[in-house]
Structure formats: structure tokens, C-alpha cells
Amino acid sequence: MRIACLQFNPQLGNIAHNLKRAEAIISRADPVDLDVLILPEMAFSGYNFKSIAEISFHLEPTAAGPSTVWARSMAKRLGCYVVVGYPEYCARSPSSPFRSVARYNSTVMVSPLGNVVANYRKSFLYTTDESWAEEGPGFYAGEVKGLGNVSMGICMDLNPKQFIEPWEKYEFANHVLKNRSDLVLMSMAWLTMLTPESLIEQAQVPDADTLAYWVQRLQPLVDAGGQGPSGETIFVICNRVGVESEAHYAGTSVVVGITRGNVGVYGCLGRGTEDLLVCDVPDGNFAGTGRNV
């Protein structure tokens, strides 16, 4: 199975620029025989919106806005699944006791034929999300043709809820275990304490502290062993790079394989590089292909 992570630096609110930038990086890499392409959290809108008023112009209807249109086109072009993060809105029923419009930080998964497979809404909100979005109903898990049992999450989902729940609760890792997921896909806009200078001067170097933290949050999987038929769970994190105001992003997009007592790295990008990470992982976990769905 061949997995690709598109790590890039979206400009806040500049969707046209961000679409062109993503296209340029993919065209430069010219990938072939991909099975999955994943992009960061809120990939084309940018992330660091501070209010409903700021983000309202960039909200997209459920699996029907510019991000999904792009994903459908790219999925059919590359013949692979595409996962991309976007800010979602949907209208509520007039009889709902809640406000008329719901807003979520979401990811959409599109099949190689351009069909929407899943629309996941972030469950654990970061403080930035809380200014405009509401929680989704729970982490995603489902069987996807050619990919096996898949779990999806977004960024803060990997943390303890609201940073209040006990560390050892490991909510997302235990969700993966419970659903025996072969493949885990996480779109992120994960922050770092590194300075902008470090992000530029050591752009090719992964953020070791961030990578170590992600692995620590997967400890139940490491203890129990992988959930796929081969005894390995493939965990994919696609993060973004760059700076938005006070927000500095960690990059370090990575594909890891988790077996009992071991975490192996199939590939990892630097803290500041814009690039397409392409990794081949063993096919033992995955039955067939999903190119006809």
C-alpha cells in the first residue's frame, strides 16, 4: 500500500492560493499508484481563526464545498482515496432547539471514483476551535474497501479531552484498539513551541519533541500490538507547516507502523518543509484495492 501526506503552508483565508499551492506540490512530486492521499486539518482555509465572524466566509457546506470538489477531482485523477480537512457548516432542522446552523472542524474522505465515503467531525476541540465550532458526535471508525478497518481523527483528538481528562485514559488510542483498526488517518494543524527562526533554519529536521509526544499518546497500541491481520497498525499523521500570527506549526508529518512493543517509522518530513511524503507500507493488512468504489 502506498500512502502520501501533503505537508504544506496554507495561507489563512486564501483558498485560491492554497489550492494552487497544493496542486503545485503534487504535480512536482508526480506520484503514481497511490492508495491514500491525506492533507492537513482545514487544509485550504487555514486554521487560526478566532471567531465565527472571522471564519464565516470560509465555511463550506457538508462534503460539498471547494475542499470536497478538489478531493473528488484529485481522487479520480490519482486513483486513490483522498482525505482533506475543512471547516464545515450544515443547517439544522427548523424544529431544533439549537441555533439554526451547526459548525464543525471536519475531514472528508473521498473514494477513487470521487464518491464521499465519510465525513468526520472533530470530537475534542482545541481552544481555537471552541471560538467557532462545536464537538462532533465521536471518533470515526469504519470498514473501507481496500483499506480495511479505518479510524480517523483530527489533531486535538489525540490529546486528553480539553487537557482535563487523565493522561492514562488514552481516548483515541483506545478507540483504535476497540475497533481493531488496520489504518489510522489523522489530519492536523499541530502547534510547536519552536521559534519561527528554527522552523526556517532547520526546516528539514523533524520536531523530535512533537514526534515523541504523538508516540506517547499511542501507548495502548504499543502495549497491545497492531490490530491488522499482520499484527501491525499503520498510523498516518499529516500536519501543516508555517506560522499564522502567534501559531507556529510543527510539520513532521509521519507514517508509522505499530506492533507490540515497537514503533517503526516508514517516513517523516521536516518541521518546515513543503513536500509530499510518499511511503510504501506492507500490503499484509489490506485486502485488495479500493479503486472501484
Side-chain angles (χ1 to χ4, degrees), residues 1-12 14-48 67 70-71 73-75 77-86 107 110 154-155 183-192 194-215 234-244 247-257 263-281:
M1 171 173 284
R2 182 165 291 174
I3 299 168
C5 299
L6 178 56
Q7 178 172 289
F8 74 121
N9 180 14
Q11 304 301 299
L12 189 67
N14 194 342
I15 294 176
H17 167 86
N18 298 333
L19 290 167
K20 290 178 182 177
R21 184 62 185 149
E23 171 65 31
I25 295 170
I26 292 172
S27 294
R28 181 182 67 200
D30 194 22
V32 295
D33 297 330
L34 292 184
D35 294 288
V36 181
L37 168 65
I38 179 171
L39 277 71
E41 178 179 10
M42 294 173 61
F44 298 129
S45 62
Y47 176 73
N48 199 31
S67 297
W70 184 92
S73 174
M74 190 59 62
R77 172 177 147 189
L78 296 178
C80 70
Y81 288 93
V82 174
V83 177
V84 59
Y86 75 103
T107 54
V110 174
I154 302 174
C155 204
L183 178 66
V184 183
L185 302 170
M186 294 202 81
S187 296
M188 291 193 173
W190 193 280
L191 302 173
T192 181
L194 296 172
T195 65
E197 292 76 20
S198 172
L199 296 176
I200 294 171
E201 294 168 5
Q202 301 184 64
Q204 302 291 331
V205 181
D207 181 349
D209 289 342
T210 291
L211 183 55
Y213 181 89
W214 291 339
V215 171
I234 303 300
F235 207 100
V236 183
I237 291 175
C238 185
N239 197 23
R240 59 158 296 174
V241 298
V243 174
E244 288 176 335
H248 306 163
Y249 298 101
T252 315
S253 296
V254 67
V255 178
V256 300
V263 178
V265 177
Y266 285 102
C268 185
L269 292 176
R271 65 187 68 179
T273 53
E274 292 187 286
D275 204 352
L276 187 72
L277 174 68
V278 179
C279 296
D280 290 317
V281 304

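Worth saying up front: this structure is predicted, and the values here are computed from it rather than measured. Heavy atoms only: backbone and side chains are in, while hydrogens, waters and symmetry mates are out.
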Does [Y] offer a backbone N or O that forms a donor-acceptor pair with the side chain of [X] under 3.5 Å?
| X | Y | result |
| --- | --- | --- |
| Ser253 | Asn239 | yes |
| Glu41 | Ala189 | yes |
| Asp207 | Ala250 | no |
| Arg2 | Asp35 | no |
| Gln202 | Ile200 | no |
| Arg240 | Pro10 | yes |
| Gln7 | Gly270 | yes |
| Thr192 | Leu194 | yes |

For Phe8 and Asn18: C-alpha separation, side-chain torsions, deciding distance, then whether side-chain contact (heavy atoms from CB on, under 4.5 Å) applies.
CA-CA 9 Å; Phe8 74 121; Asn18 298 333; 4.3 Å; yes
Would you please name every residue forming a side chain to side chain donor-acceptor pair (under 3.5 Å) with Thr107, sequence neighbours left out?
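With sequence neighbours excluded, Thr107 shows a side chain to side chain donor-acceptor pair (under 3.5 Å) to no residue whatsoever.
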Answer whether the closest heavy-atom distance between the side chains of Tyr249 and Leu191 falls below 4.5 Å.
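Answer yes - side chains close enough.
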Does Val241 reach the side chain of Thr273, with side-chain heavy atoms less than 4.5 Å apart?
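Side chain of Val241 against side chain of Thr273, heavy atoms only: no contact under 4.5 Å found.
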Under 6.0 Å between ring centres, would you say that holds for Tyr213 and Trp190?
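That pair passes the under 6.0 Å test.
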Under the salt bridge (Lys or Arg N to Asp or Glu O under 4.0 Å) criterion, do Glu274 and Arg28 qualify, and how do the steps go?
CA-CA 11 Å; Glu274 292 187 286; Arg28 181 182 67 200; over 6 Å; no
So, using salt bridge (Lys or Arg N to Asp or Glu O under 4.0 Å) as the criterion, who are the partners of Asp209 when residues are at least two apart?
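Scan of Asp209 (salt bridge (Lys or Arg N to Asp or Glu O under 4.0 Å), adjacent residues dropped) gives none.
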Heavy atoms only: give me the nearest Ile234-Gly257 pair and the separation to one decimal.
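Smallest interatomic distance, heavy atoms only, reads CD1-CA, 4.1 Å.
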Could you state the interatomic distance from CD1 (Ile38) to CG (Leu185), rounded to the nearest 0.5 Å?
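Nearest 0.5 Å value for the CD1-CG distance: 5.0 Å.
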